[in-house]
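None of the values given here were measured: they were computed from a predicted structure. Just so it is clear: chains get the letters A, B, ... in the order the sequence lines come, proteins before strands, and each one is counted from 1.
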Amino acid sequence: MNLVAIKSAIDALSAPTISFTILTVIFPFIFPPSDWFEKIHRKTGLWRMWTKPGGVIGMILITAFFVIGYFDPYFNKTLTKADNFPIVLMIYSMWFYIWLGMFKAYRNDIRIEQGLKPEEYNDPDDKVLVWPDLVYIEFICLILFQVFLIVWSILVAAPIEEPANPAATPNPSKAPWYFLGLQEMLVYYDPWIAGVLLPTFIIVGLMAIPYMDINKKGDGYYSFKERRVGMFIFMYGWVVLWLFLIIIGTFFRGPNWNFFGPFEYWDTHKVEALTNVNLSEILWVKWLNQGLPSNILIREGLGFVITGLYLFVLPVILAKTYLKDMYAAYGPTRFVSLMTFGLVMLALPIKMYLRWIFNLQYIIAIPEWFFNI
Amino acid sequence: MFKNDERYWDINLLNKWFAISSVVFLVVMVWVFIDDNDDEFKEYQKEFRKLQIEVTKEKLNEEQSLVDGKSEEYELELARAIKLFDDKSEEVEKINSELGELRAGFYKNNLKFKGEKAELDVLKFKLESANLKGGSESDVVRKEYKEKSSAFNELKVIKEQFEIDIASREKKIKSLKADIKAVKDERDKILKKVDLAQNRLTSLDRSNMSFMNKLGDIVRDLPILDFMDPYYKVKQTVVKDVLYDVNFTAMPAVDRCTSCHLGIANPDFKDAEQPYTTHPDLDLYLTSKSPHPEESFGCTSCHSGRSRGTSFLSSAHTPNTPEQKKEWKEKYDWKPVKHWLQPMLPTRYTQASCFKCHQNTSDLAGAEKINLGLTLIDRSGCNGCHVSANWESKGKSGPDLRKLNEKSHPEWVAKWIKNPRAFRYNTRMPHVFEQANQEKPNIAKRNVTEIASITHYLFEGKEVKNSKNPSKYLGDPSNGQKLFSAVGCMGCHVKEQDPSLAPQTTTFKELTKLQGPNLIGMGSKVTPEWLFNWLKKPHEYMPSTRMPDLRLSDSDARDITAYLYDNKNYDFDQLDAPEADIEVLDELTLDWLMKMNPEKYAIEKASNMSKDEKMSFVGEKSIRHYGCYGCHNIDGFMDAKPIGVEITQEGSKPVDKFDFGLYHDIPHTIHDWIENKLRTPRIYDRGKESEPLDLLRMPNFHFTEEEIEAVTMAVLSFNTDKVGEPLLAHNKVPDYNKEGHRLVKKYNCQGCHLIENRGGQLVEQIGAPEYAPPNLHSQGRKTNPNWLIKFFNNPMTVRPNLQVRMPSYHQISDKEWDTIIKYFQSIDDENTGYRAPHQFASSSSKFKAGEKVHELGACNNCHFYGTEFPTQVASTWAPNLALTKERLNPEWVVDWLREPQTIMPGTKMPAPYLPTPDVLETDDAVETWGRDLVKLKGNQEAMLEGLRDYMWNIKGKVDISAEIKEYFDENGYDFSDGSEDYDDEDDWDDEDW
């Protein structure tokens, strides 16, 4: 297999449909939320990711990708853009800190299994002084970070562009790197959802975690097994629905926000068919073979029903059946909050797949009121 | 070392980390300073300083050699004077000691004086307050004030005495030193330039500095301290009237170019390399005396680029040639600056910037290339399709086709549309068909049918006129040939079969020869009847034509018709005329119908159309599609909208708004896009799968490379660059000047006449200036505007010896003539519109003296006096003097008589002989020169005025055109008796017509 074949394979695999699906499918095997997944996790050796050799291999793979990319004429252009430097850093640090956390968690899991205390545990009188143990280290870090920022600013010029011209917008028009995940969401949701509602939910949700979390274990030390479902859900939201979307937005979105593999030429002329339809159109035109009803609420009735079912009925059903124990343990308030945040988070991948599979534009489409879901 | 069992971390380890990070931080801080201070421009400035030292040393040597030896002489003299002064040291010392005492005395008394003055002022105030109150207090105070006042006066006298004494001592010392000063002054005067160079060198060259200066010179450029007065610094000009548009506001340009281009305004560096070399044209640019001083124009107003850049790359230089690009890549690692919308113009396009401030002229001195570009835009009719608000179209550039049936026949027209150059190799008619994107067989077939349909449309419902008896309009071709070159046809036309001899449209002069078409192959193109009528009355066939009426007699017109009709293009005649293919016609009809109708209706409509209907339908659509009406008047298209993109701001359009097509072999710059578009108009269709009606349509003008560059330049100049009011040169010129100038260009006046020292190519065709149309130098001052507008409307014979004649422009309105006259006047700073008749006293001795001068001058040798013919032969004939009072302005006539050659170089008019004062003082002067001339005492100006007044008194018939015509009809224009003229005649015959 030569390099060209590898490159085109990576190009093909990195299409959002494929890469997102792969990530979603293997995610539970990497962060197994249940025993069944755990079994396969062990059997396939995926657990070795969180060992020292696993960490090193991860680093090597990431580096190899960037090295190949650096020498590729097309990827080089995106990779060496001053704007994208933070994302390269982000990928490294993301891997390192996830690995570090998981590495320590697995070590503690073994200790706990053996009936030992976690690594971080010394004795009940254990204390650490703020000065010098904390502040001194912080001060040293501060100096070193300062050094890093200065060197960065000397070596890489600020990515400033021409004066903003309303008549000539850049193509692709990209948000700052940390917002590229949000911009990617805009592909699937209306601005008021992708740009306002979802970010608000993310912030509020993150703040709410301590209040919704009733698991007393894993406090003050790393552990995976003791809170594996929580970890799985958080990691999915953080790594797949946030970081991965940033990476897609940065490296894989070219002119006209078309998808381009990392080693593909960003051809402005590339045309992609955009044949999205709304749920109401599928219902009335495709299935019922008639025109759209003029009454908006009747027209979008099915969409309202589905959305209602998803947000309001599904939690109730779950509370009575599958998540009965959980409902009992959490109580109604915690359960409802948890469900709300969870379902909204889950709505993103659901909508992505609906788009990819059915070309579904909106479940509820009322452009007359600027209300589209 | 203390024990730290309470601590979690090893403090020594942390200390080590702290130490290491601090050192790293320090290193980085040093790096920051280096990075901040090693700007590229400083390197250039250091290099330039060396160059300056060299140049200054050279200059110093030069100046020194000029005053060779004198310097030492003066030093010796100075030493002698100093010695003399020193000899009187005893005296000087005495005076000095006196001076010391006196000054001390003055100081003391002056102090007292000031104190007293202050107290006196207080008393004065008190007195005034007491006065106000009234009462007895004022008397007391007044007394006190008076006492104080007299004490104060005493002090004043003492103080002044000291001042007088001091001044006298100082004067004494000065007089003792006078010798030294005189020697010194003289030395300074002689050695001023040497000293200047020396001083300059001292301020530049460290090795010439004193230790402290050297130290200062180093310190002033140290980091942080260099905020005060560094030697190496960014040099910038804020140009408040040249604005850089940042979309929501416009900022004044801040030009820092001279930070590296240090010798740009200094003629000493004209041989230096870039970036130090001198600007090639300091008379026109940069210097404060030039019309474009640096402080008000800067650099980027003309050159564009990133004005604030202080390095080679950041200032957005653009290479002019691929070689230069390569060189820069090697030398500077050059690449285009991203995100900068106005990179520097390649040097070949710098003139594009002239247009910013000099709009509305295509005759800007020194900007030949953009002149050519704008002229080509006018002539090629670019504006017919591409509207440009700042360079509006002045009428359609092609002929009116509404009466085409009278002129030509359909076969010729169809063949012509298909391939104009097959008929006339240098035609301005562009090639619409047989272009790069029309090579596919189906497209080519469609094109042939389109051509046939267009032709059909043009002739539809009109009878082609083929006169039964063409010989009625054909005279003697050989006489026609003579007339063609004699009456002035060649002011605008050539008739040249050989492409290598044809005028090239690259200079202004050559361009005037091609105002009208190259008149070859007329026998294949037009009917004799049309040609005859056209020559007689062009405006009757086409009211908007620029072709004037030469007032040809029927026989002259027949002769010229015969001469032109004799020339046929046999190769062209043998070509097959494009004919419509019925299947293709159906396809075209359907395509066009489907543009406006659903397919079903389109088919239905098409099936109801006859072939003729289809032809005229497709013809109409094709004319609209290809925009033929951009240059031609065609029935049914008189108000049609132009088909091309508006180019008013083309030069500022972002590059990504240009469609470079699918290929990536053309550099993505605006000028490269335009160049390639002009060279191969359909180039951006390469590789595209377009429907036939979606293909690019711009026709091919077959521009030469030079013309492409010129037109590209003109298009680049149509931009949004903002320039402040004070710099807009075109606003300083009155509108009638601009308009008049464009009219003069439109009707090609400069084909025959020299106007503003440009044009007049017909002189070369005719041979001698005295037989050619007059040079219009000083025309604005020369003629009476009232007469001139009459003349324009109905030209009469002014210069009887000319065979070439001023044509009648029936198509020019009085308003336009008025504009032209005002334009002439504005050239000469003349603005009198109406004039009272010139007043003079025929009894004055000035007048009588003029009469005498006139008698001596024998003006009647050449000049007509009404119907009275001159005494000499026709070749020397000159204007009718009875016309003068009506035609000329009296002030101008005096100037003319004084020096005819300066006003009209090459004229045969001699300045009249005027007796000088010494001649008039001889004893028999009165006898020889007459009483009145002698009375003027040699005042030549008065003599000229007298002569002028005399001329105003000449009576006789004013318009003698008929008499002159009669004479020449009888005798012909054969001037062979004059030997010089004979040669000219010979020249004409030699030319290969």
Side-chain angles (χ1 to χ4, degrees), chain A residues 73-74 77 80-83 120 122-123 125-174 254-256 265-271, chain B residues 4-36 38 244-251 306 313-314 316 337-343 649 652-657 659-664 668 687-688 720:
Chain A
Y74 303 132
K77 276 189 188 162
T80 54
K81 249 185 119 179
D83 309 66
E120 290 84 350
N122 281 350
D123 67 83
D125 297 333
D126 192 13
K127 64 173 181 183
V128 177
L129 296 175
V130 169
W131 172 262
D133 290 324
L134 178 65
V135 177
Y136 203 3
I137 287 171
E138 280 179 348
F139 186 52
I140 291 168
C141 287
L142 188 134
I143 293 172
L144 288 176
F145 197 70
Q146 192 94 326
V147 167
F148 167 72
L149 286 179
I150 292 170
V151 172
W152 185 2
S153 66
I154 291 175
L155 294 181
V156 184
I160 293 169
E161 302 189 353
E162 66 261 25
N165 181 353
T169 46
N171 183 14
S173 201
K174 288 195 178 183
N256 308 324
Y265 169 67
W266 283 18
D267 193 343
T268 324
H269 308 286
K270 183 173 177 177
V271 180
Chain B
N4 56 346
D5 17 328
E6 287 237 304
R7 283 166 189 174
Y8 189 72
W9 296 103
D10 176 4
I11 192 74
N12 285 328
L13 185 71
L14 289 181
N15 284 344
K16 270 179 209 157
W17 270 101
F18 178 60
I20 291 167
S21 48
S22 303
V23 169
V24 173
F25 188 71
L26 186 71
V27 170
V28 169
M29 284 314 286
V30 173
W31 188 7
V32 164
F33 275 102
I34 293 171
D35 188 64
D36 226 23
D38 71 341
Y244 178 65
D245 188 7
V246 285
N247 297 317
F248 297 101
T249 180
M251 305 289 295
R306 200 174 153 264
L313 291 181
S314 69
V337 173
K338 278 183 189 167
H339 309 302
W340 193 255
L341 302 176
Q342 292 169 315
Q649 302 180 343
S652 295
K653 199 154 112 178
V655 181
D656 56 329
K657 294 271 187 290
D659 178 10
F660 281 84
L662 300 175
Y663 285 73
H664 291 270
H668 280 33
K688 283 190 185 164
T720 56

Are more than 12 heavy atoms from other residues, nucleotides or ligands located less than 6.0 Å from atom CH2 of B/Trp17? no
At a 4.5 Å cut-off on heavy atoms, which part of B/Leu341 comes close to chain A: side chain, backbone, both, or neither? side chain
Check ring-ring contact (aromatic ring centres under 6.0 Å, His included) between B/Phe33 and all other residues, then give those that pass, not counting sequence neighbours. none
Minimum-distance pair of heavy atoms, taken over all atoms of B/Ser21 and A/Ile143: O-CG2, 3.6 Å
Measure the acute angle between the ring planes of B/His664 and A/Tyr265, then classify it against the limits of 30° and 60° as parallel, tilted or perpendicular. perpendicular
Check whether A/Leu155 gets within reach of chain B through its side chain, its backbone, both or neither, counting any heavy atom under 4.5 Å. side chain
dist A/Ile137:CD1 -> B/Phe18:CZ (nearest 0.5 Å) comes out at 13.5 Å
Does atom NZ of B/Lys657 have more than 12 heavy-atom neighbours, drawn from other residues, nucleotides or ligands, at distances under 6.0 Å? yes
Tell me if the NZ atom of A/Lys270 is crowded by more than 12 foreign heavy atoms within 6.0 Å. yes
Rounded to the nearest 0.5 angstrom, the CG-OG1 distance for B/Leu662 and A/Thr268 is 11.0 Å
For B/Trp31, the option from A/Val147, A/Ile150, A/Ile154 that meets side chain to side chain contact (heavy atoms under 4.5 Å, CB included): A/Ile154
In Å and rounded to the nearest 0.5 Å, what is the CD1 to CZ distance from A/Ile140 to B/Phe25? 14.0 Å
Enter the distance from A/His269:NE2 to B/Lys688:NZ here, rounded to the nearest 0.5 Å. 7.5 Å
Which heavy atom of B/Asn247 sits nearest to which heavy atom of A/Pro163, and what is that distance? ND2-O, 3.4 Å
Heavy atoms, side chains only, cut-off 4.5 Å: are B/His339 and A/Ile160 in contact? no
